[in-house]
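Okay, so here's the structure we're looking at.
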Amino acid sequence: MKIFSAEQMRAWDAYTIRHEPVLSIDLMERAAGRCADWLLAHFGQETGFMVFCGMGNNGGDGLAIARMLLAAGRRAGVVILESRRQGSPDFLENLKRLQAASGAIFLLAAGDAIPDVPAGAVVVDALFGTGLNTPLSGHAARLVEHLNGLPNTRVAIDLPSGLFADRSAVGNPVLLATHTLTFAAPKLGLLLQENAPFTGEVHILDIGLSPAFESATETRFQLATATLVKSRFRPRNRFAHKGNFGHAYLAAGSLGKMGAALMAATACLRGGAGLLSCHVPRCGVGILQTALPEAMALPDPDETRLTTLPGETSRYNCAGIGPGIGTSTQTAAMLRSCLAKFQVPFVLDADALNLLAKDESLMSLLPAGSILTPHPKEFDRLFGAHDSDFDRIETALAAAERLQSVVLLKGHHTFIASPTGSGYFNTTGNAGMAKGGSGDVLTGLLTALLAQGYGAEDAALVGVWLHGKAGDLAVERQSYESLLPGDLVARLGAAFRQLYP
Ligand SMILES: NC(=O)C1=CN([C@@H]2O[C@H](COP(=O)(O)OP(=O)(O)OC[C@H]3O[C@@H](n4cnc5c(N)ncnc54)[C@H](OP(=O)(O)O)[C@@H]3O)[C@@H](O)[C@H]2O)[C@@H](O)CC1
Ligand SMILES: Nc1ncnc2c1ncn2[C@@H]1O[C@H](COP(=O)(O)OP(=O)(O)O)[C@@H](O)[C@H]1O
Ligand SMILES: [K+]
């Protein structure tokens with residue numbers, strides 16, 4: 001599913017009006033109808049509504065929604081935030097229609113006291129949508145801050161007012177929505193971690209915009225949906241043998257952190273690698289061989305950490321490095337010789353990324369077709385401090401192009417920056433995965449997919465989606481609190497099955 005910018009949304013709207021054809025006011029009626037249906041379905045007969053409208057088309061939606069709620073026999077009050085400008089034509093038409101339906105309308109001018117919102121009423125935010133061009137200030141900002149202080153449920157139409165579709169609103173006044181009903185396609189601003197407090201639960205409402213425009217329009221960003229990921233998944237040939245699925249090298253663990261190595265190694269084998277050799281410190285050999293006899297151990301000469309690249313390197317077709325390795329200078333040297341000697345794609349995670357952050361010269365050794373998997377803190381250590389997630393995704397895309405590798409930015413909607421310039425947001429996963437070890441599972445899984453011959457972009461799309469899906473399946477048998485990274489590994493099989501043709 002494509003992610004449209006505010007400008008593309010306007011063009012999609014205009015194209016639909018011209019080619020369906022449909023009058024602009026009728027398209028607004030359709031959009032408002034979908035919102036009204038959603039509100040009626042989600043809130044019981046006794047619930048009243050207070051609809052706060054701006055004077056642009058977002059406000060026009062609000063007026064039409066209020067009229068529809070009244071027609072359905074609900075209580076609905078309307079507050080219009082007065083602005084200097086005359087309302088948009090569709091706003092003015094909907095104002096007439098609402099007045100004809102005898103809806104109660106309160107005009108809120110600067111300096112006016114904000115009307116009381118009855119306890120239990122749902123606040124509908126139709127103040128500003130994709131047309132917002134500067135941060136909210138003055139009485140608009142005061143209204144939004146007032147509404148944020150109320151205990152009422154808040155439903156935002158298209159975007160929470162104050163949020164921009166395509167750039168950061170960090171530090172600005174923004175409505176804190178409980179739900180956001182957005183039209184036709186997700187907007188970038190609704191997917192980024194920094195906006196999570198404002199968007200609440202996001203629902204995409206189909207308002208029948210032109211499918212021809214959608215398929216013909218190139219977007220920088222897409223959602224990694226099941227359909228997209230299925231198109232990148234490679235089902236196994238019935239005659240396959242273990243030689244078809246690669247031999248992965250995994251460098252993980254140190255004294256006290258062998259759990260990280262085990263989680264990554266188990267995920268690598270459950271992820272389908274044909275063979276796995278796991279480079280571990282001496283203290284970890286017994287642990288690995290007992291807990292995961294399917295993996296081969298490559299013991300480091302050092303008892304407690306990784307220090308020395310194992311002799312023969314040509315047998316591996318990919319390398320995963322990082323979980324639990326620590327950041328000692330000996331381990332940094334080991335990482336340097338890995339990067340210099342292995343001519344295979346890498347997955348670098350955790351402490352491998354921290355080592356890269358400390359020594360920039362390591363980055364230039366990274367073979368093309370690799371995958372870096374930082375969470376936001378590791379990301380900033382690697383690429384410098386960022387003020388917003390919008391800046392982070394631009395940096396990720398630039399780094400992906402420079403390195404000719406995939407850069408992941410892990411989070412609720414993990415961002416996959418591809419060297420082709422495309423960016424994908426993952427759609428699976430849940431807050432139960434916010435526990436030490438989930439990232440190690442992802443490293444093992446991505447390493448397995450590279451071992452099986454997936455290119456970096458496909459491995460990242462399939463791996464990140466499977467990892468989140470395994471989390472979603474696992475949480476059904478657990479709770480968000482009790483979920484363990486090991487449960488993700490246990491449900492990987494069920495997650496894979498969802499990709500089977
Ligand atoms: N595309 C679709 O699929 C469909 C879209 N639809 C709907 O249209 C919405 C977009 O409507 P829109 O373009 O009229 O903009 P909107 O968000 O109402 O705001 C514009 C108004 O706000 C004002 N304003 C701006 N910044 C401001 C500020 N900082 N502080 C104060 N005022 C500010 C600005 O004033 P101006 O800058 O012109 O002075 C103007 O008056 C979209 O989100 C969706 O809800 C559906 O109806 C149909 C299908
Ligand atoms: N709230 C969430 N929703 C979806 N995925 C999450 C959430 N929290 C964490 N995850 C996923 O879990 C993994 C955590 O990785 P990371 O931050 O490296 O932690 P660790 O390595 O300590 O397990 C990432 O893949 C991330 O996307
Ligand atoms: K809004």
Side-chain angles (χ1 to χ4, degrees), residues 4 6 8-14 16-17 24-32 35 52-62 64 81 83-91 94 124-141 144 155-165 172-173 175 177 180-185 187 193 196 207-209 260 263-264 322-324 349-350 353 373-378 408-415 426 428-443 445 463-464 467-468 471-472 480 485 488:
F4 282 81
Q8 287 175 320
M9 284 307 302
R10 275 191 288 279
W12 196 2
D13 197 10
T16 306
I17 289 168
S24 157
I25 188 75
D26 292 339
L27 185 56
M28 183 176 280
E29 192 75 359
R30 203 144 87 192
C35 295
F52 289 83
C53 302
M55 293 178 59
N57 287 338
N58 196 247
D61 293 336
L81 181 74
S83 70
R84 287 162 298 149
R85 304 231 178 177
Q86 212 195 3
S88 72
D90 291 344
F91 167 88
N94 266 308
V124 177
D125 158 33
L127 291 167
F128 306 100
T130 51
L132 187 78
N133 43 38
T134 55
L136 293 181
S137 60
H139 73 316
V144 159
V155 180
I157 304 305
D158 209 17
L159 286 175
S161 294
L163 211 67
F164 297 114
N172 301 346
L175 186 107
T180 297
L181 310 183
T182 202
F183 295 138
K187 321 291 179 295
Q193 197 95 14
I207 58 165
L209 295 183
M263 283 183 277
D349 180 38
L353 297 174
T373 67
H375 57 55
K377 259 196 187 148
E378 287 162 349
L408 297 187
L409 179 55
K410 292 189 290 193
H412 179 59
H413 292 293
T414 292
F415 179 65
N426 188 39
T428 57
N430 62 75
M433 297 165 71
K435 193 167 279 178
S438 297
D440 306 328
V441 171
L442 181 65
T443 302
L445 176 56
V464 169
H467 181 246
D472 292 341
Y480 295 118
L488 307 185

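All values reported here derive from a predicted model rather than from experimental measurement. In this chain, numbering begins with 1 at the start of the sequence shown. Indexing begins at 1, ligand by ligand and atom by atom, following the structure's order.
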With heavy-atom distances below 4.0 Å as the criterion, list the atoms of ligand 1 near [X].
X	value
Ile207	3 (O), 49 (C)
Leu209	3 (O)
Phe183	44 (C), 45 (O)
Gly129	16 (P), 17 (O), 43 (O)

Going by heavy atoms, is Gly468 under 4.0 Å from ligand 2?
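No, Gly468 has no heavy atom closer than 4.0 Å to ligand 2.
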
Determine, using heavy atoms of Glu378 and all atoms of ligand 2, whether some pair is separated by less than 4.0 Å.
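Judged by the 4.0 Å heavy-atom criterion, Glu378 does not count as contacting ligand 2.
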
Checking a contact table here: which protein heavy atom is nearest [atom], and how many Å away?
atom	result
atom 10 (C) of ligand 1	Thr130 OG1, 3.4 Å
atom 42 (C) of ligand 1	Asp158 OD2, 3.1 Å
atom 47 (O) of ligand 1	Asp61 OD1, 2.5 Å
atom 18 (O) of ligand 2	Lys410 NZ, 2.6 Å
atom 19 (O) of ligand 2	Gly439 N, 3.9 Å
atom 1 (N) of ligand 2	Ala431 CA, 3.2 Å
atom 30 (N) of ligand 1	Leu136 CD2, 4.0 Å
atom 10 (N) of ligand 2	Met433 CB, 3.8 Å
atom 3 (N) of ligand 2	His412 ND1, 2.9 Å
atom 22 (O) of ligand 2	Gly436 CA, 3.5 Å
atom 26 (N) of ligand 1	Asn133 OD1, 2.9 Å
atom 21 (C) of ligand 1	Gly56 CA, 4.0 Å
atom 18 (O) of ligand 1	Asn58 N, 2.9 Å
atom 14 (O) of ligand 1	Asn57 N, 2.9 Å

Which bit of [X] gets closer than 4.0 Å to ligand 2, counting heavy atoms only: side chain, backbone, both or neither?
X	answer
Asn430	backbone
His375	side chain
His467	side chain

Nearest heavy-atom neighbours spanning [X] and [Y]:
X	Y	value
Arg30	Ile207	NE-O, 3.0 Å
Gly432	Asn430	N-OD1, 2.8 Å
Pro485	Val441	O-CG2, 3.8 Å
Cys35	Phe183	SG-CE2, 3.4 Å
Asn57	Met28	O-CE, 3.3 Å
Gly56	Phe91	O-CB, 3.6 Å

With no hydrogens and no angle check, is any side-chain donor or acceptor of Asn172 less than 3.5 Å from a backbone partner on Leu136?
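Not at all, since once roles are kept as given, no pair shorter than 3.5 Å links the two residues.
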
Looking at Gln193 and His412, would you say the former's side chain and the latter's main chain have a donor-acceptor pair under 3.5 Å?
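Yes, Gln193 side chain to His412 backbone: donor-acceptor pair under 3.5 Å.
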
Using 3.4 Å as the threshold, say whether any N, O or S atom from [X] sits that close to the K ion (ligand 3).
X	answer
Leu159	yes
Phe128	yes
Ile157	yes

What about [X]: any of its N or O atoms under 3.5 Å from an N or O on ligand 2?
X	result
Thr428	no
Ser438	yes
Thr414	yes
Gly411	yes
Asp349	no

Using a 4.0 Å cutoff against the non-hydrogen atoms of Ala434, which atoms of ligand 2 qualify?
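Answer for ligand 2: 8 (N), 9 (C).
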
Atom indices of ligand 2, in the order listed, that fall short of 4.0 Å to a heavy atom of Lys435:
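Numbered from 1, ligand 2 contributes 23 (O).
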
So which N/O/S atom does Asp125 have closest to the K ion (ligand 3)?
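The atom in question is O.
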
Between [atom1] of [X] and [atom2] of [Y], what distance do you get to the nearest 0.5 Å?
X	Y	atom1	atom2	result
Leu353	Thr373	CG	OG1	5.5 Å
Leu27	Leu209	CG	CG	5.5 Å
Lys410	Glu378	NZ	CD	5.5 Å

Is atom 40 (C) of ligand 1 less than 4.0 angstrom from some protein heavy atom?
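Flag for atom 40 (C) of ligand 1 set to false, no protein heavy atom closer than 4.0 Å.
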
Is atom 34 (C) of ligand 1 near the protein, in the sense that some protein heavy atom lies at less than 4.0 Å from it?
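Looking at atom 34 (C) of ligand 1, one finds that no protein heavy atom lies closer than 4.0 Å.
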
Looking only at non-hydrogen atoms, which of Phe164, Phe91, Phe128, Phe4 approaches atom 31 (C) of ligand 1 most closely?
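Considering heavy atoms of Phe164, Phe91, Phe128, Phe4, the nearest to atom 31 (C) of ligand 1 sits in Phe128.
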
Proximal candidate to atom 38 (O) of ligand 1 [heavy atom criterion; set Gln86, Met28, His139, Arg85]
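The residue whose heavy atom sits nearest atom 38 (O) of ligand 1 is Arg85.
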
Look only at interatomic distance and state if [X] has a nitrogen or oxygen under 3.5 Å from any nitrogen or oxygen of ligand 1.
X	value
Gly131	yes
Leu127	no
Asp13	yes

Looking only at side-chain N and O atoms, does Asp472 offer a donor or acceptor that is under 3.5 Å from a partner on Thr428?
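Looking only at side-chain atoms, Asp472 and Thr428 do not form any donor-acceptor pair under 3.5 Å.
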
Which angle, to 10 degrees, forms at the K ion (ligand 3) with OG of Ser161 on one side and OD1 of Asn58 on the other?
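It is 100°, given to the nearest 10°.
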
Under 4.0 Å, heavy atoms only, figure out whether ligand 1 is touched by the backbone of [X], its side chain, both or neither.
X	answer
Thr134	both
Leu159	neither
Ile157	neither

Side chain to side chain donor-acceptor pair (under 3.5 Å) contacts touching residues 124-140 (sequence neighbours left out):
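Listed once each, the pairs are Asp125-Ser161.
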
Those residues that, when tested against Asp61, pass salt bridge (Lys or Arg N to Asp or Glu O under 4.0 Å) (two or more places apart)
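Not a single residue meets the salt bridge (Lys or Arg N to Asp or Glu O under 4.0 Å) criterion with Asp61.
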
Is ligand 1 less than 4.0 angstrom away from at least one heavy atom of Pro135?
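Judged by the 4.0 Å heavy-atom criterion, Pro135 does count as contacting ligand 1.
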
